[in-house]
Amino acid sequence: MSVFNQISEPQETYTLDQFISLKDSDKITYPKYSIMERSLTNPELVYSIDNVIYGYMDELKRYRKIVTVGMNDKIKYQYKPKLLSYDIYGSTEAYFIILAMNGMCNLKEFTLEENRFFALTPSHLAMFMNDIYNAERRHIVLNRTNLGIYES
């Protein structure tokens, strides 16, 4: 069964061109929202073990939109959510949100078989990600402090 049949339908649908025209710049990155861990075998290696956005997916999904793609856009963006993220949000870094909105975690899953995908509008993305970061800041900062990671 397709992921689109498993998820309740959003209220609005956009063409990809309409959605891109809503673009706004952002500073959303996967590591900013990640919970990190240090490798036991290589103390220099720090990696993400979780991302706080996954705990907010039910709330985020209430605001997602359906974005339809034609054949040319399907060819252009198939397996390339980073390119799509750049075109919609002005940053390749927000691709993980597109994947999460569509129940995916790997670039290779982004096939656009249904000729559509779910996404947040740029203004909703910026607002919600800011709210999530503010709600989780203490947890994220404590995680970084415990690992001796100090961000600039």
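Only heavy atoms go into these numbers, but all of them, side chains included; no hydrogens, no water, no symmetry mates.
- Residues passing the ring pair (Phe, Tyr, Trp, His ring centres under 6.0 Å) test with Y56: none are found, sequence neighbours excluded.
- Side-chain atoms of I132 and L60, non-hydrogen and from C-beta on, do get closer than 4.5 Å to each other.
- Ring pair Y33/Y133 is perpendicular by interplanar angle, where above 60° counts as perpendicular and below 30° as parallel.
- Atom CG of L99 and atom CG of L107 lie 6.0 Å apart (nearest 0.5 Å).
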Using the side chain to side chain contact (heavy atoms under 4.5 Å, CB included) rule, take T121 and K65 through it: C-alpha gap first, then chi angles, then the decisive distance, then the call.
CA-CA 7 Å; T121 63; K65 308 298 181 206; 4.1 Å; yes
With side chain to side chain contact (heavy atoms under 4.5 Å, CB included) as the test, would you mind laying out the steps for V52 and I140 before giving the verdict?
CA-CA 9 Å; V52 296; I140 293 168; 4.2 Å; yes
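- The hydrophobic clustering, which links ILVMFWY residues whose side-chain heavy atoms are closer than 4.5 Å, places L142 and I35 apart.
- More than 12 heavy atoms of other residues, nucleotides or ligands sit less than 6.0 Å from atom CD of E59.
- Annotation: the span from I53 atom CD1 to E136 atom CD amounts to 11.5 Å, rounded to 0.5 Å.
- Residue T92 comes nearest to Y86 through the heavy atom pair CG2-CB, 3.9 Å, listed as atom of the first residue, atom of the second, then distance.
- Hydrophobic clustering (side-chain heavy atoms under 4.5 Å, transitive across Ile, Leu, Val, Met, Phe, Trp, Tyr) keeps L45 apart from L40.
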Could you check L125 against I28 for side chain to side chain contact (heavy atoms under 4.5 Å, CB included), going step by step and ending with a plain yes or no?
CA-CA 9 Å; L125 178 75; I28 297 166; 3.6 Å; yes
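- Under the 4.5 Å side-chain contact rule for hydrophobic residues, L83 and M71 do not share a cluster.
- Ring planes of F128 and Y63: tilted class, angle from 30 to 60°.
- What you find for M101 and M57 is that their closest heavy atoms are CE-CE, 3.3 Å.
- Of all heavy-atom pairs between Y54 and A100, the closest is CE2-CB, 3.9 Å.
- Of the residues D87, T111, I98, the one that meets the side-chain contact (heavy atoms from CB on, under 4.5 Å) test with Y77 is D87.
- When the side chains of ILVMFWY residues are joined at heavy-atom separations under 4.5 Å, either directly or via intervening members, I75 and F117 end up in two distinct hydrophobic clusters.
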Would M127 and N130 count as a side chain to side chain contact (heavy atoms under 4.5 Å, CB included) if you check the C-alpha gap in whole Å, the side-chain angles of each, and the deciding distance to 0.1 Å?
CA-CA 5 Å; M127 179 181 67; N130 186 54; 6.0 Å; no
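- Proximity of a side-chain donor or acceptor of S85 to a complementary backbone N or O of S91 within less than 3.5 Å is detected.
- Annotation: side chain to side chain donor-acceptor pair (under 3.5 Å) contacts of N134 (sequence neighbours excluded): R137.
- For an aromatic pair to be called close, the ring centres must be under 6.0 Å apart, and F110 with Y79 fails this.
- Two residues are said to be in side-chain contact when any heavy atoms from C-beta on lie closer than 4.5 Å; I97 and M129 meet this criterion.
- Counting heavy atoms from C-beta outward, I88 and Y95 have side chains that stay 4.5 Å or more apart.
- Under the side-chain contact (heavy atoms from CB on, under 4.5 Å) criterion, L147 pairs with M36, E37, R38, V46, N143, I149, sequence neighbours left out.
- The structure places CD of E114 at 10.5 Å from CD1 of I66, a figure rounded to the nearest 0.5 Å.
- Annotation for S34 and N51: closest pair OG-ND2, 3.3 Å, computed over non-hydrogen atoms.
- To the nearest 0.5 Å, atoms CD (E93) and NZ (K82) are separated by 7.0 Å.
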